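Single-structure report; data block below.
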Amino acid sequence: MDCLFCKIIAGEIPAERLYEDEDCVIIRDIEPQAPTHVLVLPRKHIDSLDKAAPADDRLLGKLLLAAADLARREGSADAGYRVVVNTNADGGQTVFHLHVHLLSGRPFIFPPG
Ligand code: AMP
Ligand code: ZN
């Protein structure tokens, strides 16, 4: 499958890996939109949140908890952070392997643009 994030997870394309376990890999975003901008990638290829199934419920929970753990370890939990799952075209998704953005280190406005 020609998927950028599957290739990063497999180590075929380099990325700065901050954390990994049996379910997910966390990398730094190549084009950071905040002082900390990382991506939580499930090892399992799922095109988007729209394609996630009820059987993925534990995995989806793990992605959020992994983002929260990293925010705590990076020291941004108390100040706060933003977690984003862009989905399909209007959601701004550009890489069609489900991922969770964790952004921190500056205030964010809501709603985003
Ligand atoms: P999205 O637009 O939600 O699909 O997010 C895709 C993200 O992947 C963007 O923030 C990109 O900057 C990021 N990205 C694209 N290519 C790479 C790469 N090779 N390594 C790390 N992040 C990447
Ligand atoms: Zn993939």
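In each ligand, atom 1 is the first atom listed, and ligand 1 is the first ligand listed. No hydrogens, no waters, no symmetry mates; every other heavy atom, side chains included, goes into these values. Please read these numbers as outputs of a predicted model, since none were measured by experiment.
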What do you reckon, does Gln33 put a non-hydrogen atom under 4.0 Å from ligand 1?
-> no
Could you tell me whether Asp23 and Arg58 make a salt bridge, using a distance below 4.0 angstrom between a side-chain N and a carboxylate O?
-> yes
Distance from atom 1 (P) of ligand 1 to nearest protein heavy atom, with residue and atom | His99 NE2, 3.2 Å
Okay, side chain of Ser104, backbone of Leu102: is any donor-acceptor separation there less than 3.5 Å?
-> no
Report the distance from atom CZ of Phe96 to atom OG of Ser48, rounding to the nearest 0.5 Å.
-> 7.0 Å
Check the surroundings of atom CG in Asp57: do more than 12 heavy atoms from other residues, nucleotides or ligands lie under 6.0 Å from it?
-> yes
Looking at CG of Asn86 and CG of Leu98, how far apart are the two atoms once the value is rounded to the nearest 0.5 Å?
-> 11.0 Å
Close-contact set for ligand 1 against Arg28 heavy atoms, below 4.0 Å | 21 (C)
Distance from atom 14 (N) of ligand 1 to nearest protein heavy atom, with residue and atom | Ile30 CG2, 3.7 Å
closest protein heavy atom to atom 2 (O) of ligand 1 is Thr94 OG1, 2.8 Å
State which residues pass ring pair (Phe, Tyr, Trp, His ring centres under 6.0 Å) with His37; sequence neighbours excluded, sorted by chain then number.
-> His101
Can you list the atoms of ligand 1 that are under 4.0 Å from a heavy atom of Ile27?
-> 21 (C)
Give a yes or no on whether Asp21 atom CG has more than 12 heavy-atom contacts from other residues, nucleotides or ligands under 6.0 Å away.
-> yes
Salt-bridge present (Lys44, Asp56; N to O < 4.0 Å) = yes
Could you point out which residue of Leu63, Val95, Val100, Ile27 forms a side chain to side chain contact (heavy atoms under 4.5 Å, CB included) with Leu41?
-> Ile27
Can you list, by chain and residue number, the protein N, O or S atoms under 2.8 Å from the Zn ion (ligand 2)?
-> Cys3 SG, Cys6 SG, His45 ND1, His97 ND1
Val84 contact mode with ligand 1 (heavy-atom cut-off under 4.0 Å) = neither
Under 3.5 Å: donor-acceptor pair, side chain of Thr36, backbone of Leu103 | no
Can you list the atoms of ligand 1 that are under 4.0 Å from a heavy atom of Glu31?
-> 12 (O)
Tell me, which protein residue and heavy-atom name are nearest atom 13 (C) of ligand 1, and how many Å apart are they?
-> Asp29 OD2, 3.3 Å
Specify the protein heavy atom at minimum distance from atom 16 (N) of ligand 1: its residue, its atom name, and the distance to 0.1 Å.
-> Leu4 CD2, 3.4 Å
Proximal ligand 1 atoms for Phe5, defined as those under 4.0 Å from one of its heavy atoms | 8 (O)
Charged N to carboxylate O below 4.0 Å: is that the case for Glu74 and Arg28?
-> yes
Polar side-chain atom of Glu20 near backbone of Val25 as donor-acceptor pair, under 3.5 Å = no
Within the structure, does Leu39 bring an N/O atom to less than 3.5 angstrom of an N/O atom in ligand 1?
-> no
For ligand 1, is Ala15 a contact, meaning one of its heavy atoms is under 4.0 Å away?
-> no
